[in-house]
There are 2 protein chains.
Amino acid sequence: MKTEESSKDLLFNSPESVFYTISKEDKEYLLKNTECRSYKKNELVFLENTKPAGLICLSDGKVKIFKEGAGGRDQIIRLSRPGGFIGYRALFAGQNYHASAVSLEVSIACTIEKNALFSVMKNDPNLTFAILKSLATELGVSNMRTVSLTQKHIRGRLAESLLFLIETYGYFDDGLTIKALLSREDIASLSNMTTSNAIRTLSTFAQEGVIGLEGRRIKIIDVKMLQKISNIG
Amino acid sequence: MKTEESSKDLLFNSPESVFYTISKEDKEYLLKNTECRSYKKNELVFLENTKPAGLICLSDGKVKIFKEGAGGRDQIIRLSRPGGFIGYRALFAGQNYHASAVSLEVSIACTIEKNALFSVMKNDPNLTFAILKSLATELGVSNMRTVSLTQKHIRGRLAESLLFLIETYGYFDDGLTIKALLSREDIASLSNMTTSNAIRTLSTFAQEGVIGLEGRRIKIIDVKMLQKISNIG
DNA sequence: AGATTTTTATGTTTTATAACAAACTAATTT
DNA sequence: AAATTAGTTTGTTATAAAACATAAAAATCT
């Protein structure tokens, strides 16, 4: 299990981090202005329409970013994994959050205070450029998702979501079970359908031998078929 | 009518441009590496899956950015107006275009060559920061749109599209007619519905006295009502 | 351990919207 | 000006998915 202290280390000293290559002084300065805390399952990380305090980096666990839609039906915009940033869109746009974030399991997240981060960025074009690239990439995913969610049918959307979960969280040690135990409701919110239809379609996939179901565990039996279902829409 | 020469001026010397405040030398350098050209109506500006050559700025006219979906049904991701950038997501993500761009009317667009732009950005954190802000803002719009398109009903989606057109292009001198003469098919692609349903729903709105229709001209009679329809979804 | 709530499951009905069809109108081309 | 093509309109039918309903199972609380 990770601690709140070791979390700062992941954020600033792992080679994949955009902060890995910044100067020693900048690193020390940001470190002093970063706070980590842990979240229980289903705890709010930030709330729609509030102001970002800084850049939040997920260090351990899983967080969903979602918008509440008409009739209480949520729409999951994004899922975050350790090492990923959350809520940075609003921060850099200078806006309030457009969505809320809630942990899906016990999680640790670190917040780099806004002004400290900005002052470092203003003197480090490479850092700003790296963040720009990351945001641009995310915008691409978001645009693709818009098309998928609006044009694919239920089976295609669900298949795409399962592939997305595999991509994001990978498998347990068995190499088959998706390493994410979402509720059926969350799977529905991710795939833009009602919970009933998510359950129904999952069990159809299971009957067809594409996946296996054991409670919240989803075993992927036939990835190729899943990709095919996702592609034909 | 704008010329290709005066277009460069808009891009670098208008106070709203992100390039307005860059140094004189940088401006001259970018100016040398910028090319403007005009496009006929329905001409391709860039094609999905090709590599961006630089940052494209629309100087005059209107351009739609769209993705071809299943069964030839397009999805308009974004509409650009003079002063706006197009295709910058792919450029900064270091990817090929995920969508295509086509002019909706006679247009002029300027392209700042990629490497020239990047070298200026690497030395001007403020410029990079400004572009980051702009991208973050767009990502917000994109996320909101995802939720609207997936959760609102036909009437709500169409009303939202009309309001979006007003916001983007404003009115003709009469203060009533939307300054954008889109085909019914484009209105459908923007609202994620079939052309038939776009036409049908437009004429329902007209019957209800919310809008007036004269060919492709759409007169907004009751904005409040339109906002209400958009909000209730 | 029992009670209560939440989550999952499945069947039935209703409805919004796509798909199809056919005609009419406007815009281009020859 | 006639012919051709592209775009618009309206009506009908088919269908995917939501809404509703009920029950079983699992998780949580007392």
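Residue numbers start from 1 in every chain, and the chains themselves are labelled A, B, ... in the order their sequence lines are given, proteins ahead of strands.
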Would you mind reading off the distance between N197(B) atom CG and dC20(C) atom C1', rounded to a whole angstrom?
13 Å
Using 4.0 Å as the upper bound for N to carboxylate O, is an ion pair formed by E138(B) and R78(B)?
yes
Below the 4.0 Å mark, does dT9(D) have OP1 or OP2 next to a side-chain nitrogen or oxygen of R184(B)?
yes
When the distance from CG of L158(A) to C1' of dA17(D) is rounded to whole Å, what number comes out?
14 Å
What's the CD-P distance between Q207(B) and dT9(D), to the nearest Å?
12 Å
At less than 4.0 Å, is any side-chain N or O atom of S203(A) found next to OP1 or OP2 of dT10(C)? Yes or no.
yes
Donor-acceptor contact present, side-chain S203(A) to main-chain R200(A), <3.5 Å:
yes
Over how many whole Å does the gap from N192(A) atom CG to dA16(C) atom P extend?
17 Å
Short question: side chain of K152(A), backbone of S230(A) - any donor-acceptor pair under 3.5 Å?
yes
Can you check the Q151(A) CD to dA19(C) C1' distance for me, whole Å?
15 Å
Proximal nucleotide (of dG11(C), dA17(D), dT17(C)) relative to the R200(A) side chain
dG11(C)
Determine the contact category for I199(B): base if any of its heavy atoms lies under 4.0 Å from a base atom, sugar-phosphate if only primed atoms, P, OP1 or OP2 are that close, otherwise nothing.
base
Rounded to whole angstrom units, what separation is found between the CG atom of L149(B) and the P atom of dA18(C)?
12 Å
Could you tell me whether S196(A) contacts a base, only the sugar-phosphate backbone, or nothing, with contacts defined as non-hydrogen atoms closer than 4.0 Å?
base
Shorter than 2.5 angstrom, is that how the SG atoms of C57(B) and C110(B) come out?
no
Can you tell me the distance, in whole Å, between the NZ atom of K40(A) and the P atom of dT28(D)?
14 Å
Out of dA16(D), dA18(D), dA19(C), minimum distance to the side chain of M193(A) belongs to dA18(D)
OP1 or OP2 of dA18(D) sitting under 4.0 Å from any side-chain N/O of T194(A)?
yes
Between H153(A) and L213(A), the residue closer to the 5' end of DNA chain C by nearest nucleotide is L213(A)
For the side chain of R216(B) and the base of dG7(D), is some donor closer than 3.5 Å to an acceptor across the two?
no
Whole angstroms only, please: what is the CG-P distance between L202(B) and dG7(D)?
17 Å
Using the ring of each side chain (for Trp, its six-membered ring), is Y88(A) parallel, tilted or perpendicular to F92(A), with breaks at 30° and 60°?
perpendicular
